[in-house]
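Some notes on the structure that comes next.
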Amino acid sequence: MIKAITGTKDLLYPETLKWKYLEETVTRIFRDFNYKEIRTPVFEETALFARSIGEETDIVGKEMYTFIDRSETSVTLKPEMTAAVVRAFIEHSLGKQQALSKLFYISPMFRQERPQAGRLRQFHQFGAEAIGSVSPMLDVEMIQMVYDILRSLGLSDLTVKINSLGIPESREIYKQKLRDYLKEKKDKLSEDSRKRFDKNILRIFDSKVDSDQEILEGAPLLLENLDKESIQDFEVVKELLRKAAIPFEVEPKLVRGLDYYTRTTFEIDSGNVGSQSALCGGGRYDLLIEQLGGSPAPGVGFAAGMERILLACENESTLKIPEDKLDLYIVRIDKQLTSEVFEIGVSSRRANLSVDFDYLDRSVKAQMREANKLNTRYVLFVGGEEYAKGQANLKNMNTGEQQLINLSEKDTLAKIVKK
Ligand code: HAM
């Protein structure tokens with residue numbers, strides 16, 4: 001038997017109801033902030049991600065689904081959206097059409113990571129990108145949007161962590177300081193951290209190894225080595241977060257796994273989803289657009305993992321999805337009335353009722369069982385003496401009340417059921 005690929009997941013009913021609900025909540029809140037939807041292809045030229053996320057990152061180095069297609073082009077299933085959105089922004093000259101582009105997306109992403117709870121190889125993100133302004137208001141707007149989405153899903157065990165990564169110039173000076181500090185201790189670092197020392201030294205802060213973290217305790221911090229403007233910006237971000245009544249923690253060791261960030265970065269963690277606790281991450285990327293060949297334009301954004309959010313909702317038992325109900329189930333009492341039942345089905349569905357009936361020649365009892373299972377509001381019984389008189393019995397499954405309907409009066413049924 002062929003099974004789904006490891007790290008991918010089928011979404012079956014009724015789980016799909018939760019997804020629908022999440023997507024609707026997300027879309028509603030993005031609309032409130034005046035963000036417009038963007039959809040980009042599932043795959044892109046590999047160079048796009050390599051150049052933006054960074055050659056030395058885990059994503060590009062180890063996790064991308066990359067292959068050579070039949071025209072000898074190296075393509076990659078998108079591991080994240082920021083690069084794709086920026087590519088589209090440049091390609092369609094969106095910067096010329098409006099000074100500030102506020103865009104949102106909901107899309108599958110692909111990373112070949114070791115699967116575990118909250119970590120998949122095909123997962124889904126919703127996120128937003130605002131391109132065209134350096135205002136820290138947008139940094140906080142990003143945090144507020146995702147925070148409000150998580151809160152409106154009922155989640156409460158949340159930690160908002162913020163940091164500033166400054167600009168490349170101050171970061172390079174800082175990296176040298178960190179290298180100097182760690183040089184003599186390098187032999188004591190874990191193998192992974194030793195590799196990072198050479199390739200991507202900031203990411204040593206992400207190490208899960210205790211002895212690495214002990215070594216890092218006395219390390220200089222980037223937040224204490226920022227340029228003046230980044231410090232000022234960060235102060236504004238903190239003040240605006242307070243204005244938006246969003247509790248936060250400054251986390252100087254928050255480095256993020258993508259290379260394009262400048263200044264503000266953030267994550268929101270849940271205390272209820274196990275080790276993969278980041279529900280979302282984001283920040284500023286003021287140099288990325290230029291780096292990818294566009295006219296210079298600052299940007300800021302975030303993306304949130306939908307599987308992790310739904311896991312948090314499940315673990316906190318917060319999602320109250322409205323019950324899925326069927327408006328009408330038509331029970332066929334006399335076997336020969338197939339086309340009559342079908343016809344009532346046709347007109348009721350065209351009157352925008354959700355309707356179902358039997359396709360399996362089942363007994364009346366079995367049809368009733370099905371109607372109950374489907375959570376039906378009304379059942380219409382077609383057949384017997386009533387039908388001979390051009391009528392049918394309509395039962396309200398909530399109250400148990402029954403009434404006779406004249407089948408020749410085409411609108412009556414829809415009118416009663418719609419109420
Ligand atoms: P990221 O931190 O790589 O950032 O991913 C954002 C979120 O996607 C994570 O916090 C997590 O919830 C979810 N996620 C990541 N990998 C997986 C996985 N393998 N399985 C399940 N969920 C996962 C970005 O992707 C950036 N593009 C965010 C951004 C937008 N920065 C600026 N604009």
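This structure is a prediction, so every number in the text was calculated from the model and none was measured. As the structure lists them, so they are numbered: ligands from 1, and atoms in each ligand from 1.
Ligand 1 is surrounded by Glu80, Thr82, Tyr105, Arg111, Glu113, Gly118, Arg119, Leu120, Phe123, Gln125, Glu129, Arg256, Leu258, Tyr260, Tyr261, Ala278, Leu279, Cys280, Gly281, Gly282, Gly283, Tyr285, Gly301, Phe302, Ala303, Gly305, Arg308, each with at least one heavy atom closer than 4.0 Å.
By the side-chain hydrogen bond (donor to acceptor under 3.5 Å, both in side chains) test, Glu323 pairs with Asn375, sequence neighbours left out. Looking at residues two or more places apart in sequence or on another chain, you find a salt bridge (Lys or Arg N to Asp or Glu O under 4.0 Å) between Arg39 and Glu37.
The ring pair (Phe, Tyr, Trp, His ring centres under 6.0 Å) pairs that include a residue from residues 30-72 are Phe30-Phe104, where partners are two or more places apart or lie in different chains.
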**OP:** Could you check Glu80 against Ile53 for side-chain contact (heavy atoms from CB on, under 4.5 Å), going step by step and ending with a plain yes or no?
**Re:** CA-CA 9 Å; Glu80 62 110 44; Ile53 300 169; 3.6 Å; yes
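Using the six-membered ring where Trp is involved, His124 and Trp19 have ring planes that are perpendicular, over 60° apart on the 30 and 60° scheme.
Side-chain N/O atoms of Asp259 and Thr57 include no donor and acceptor closer than 3.5 Å.
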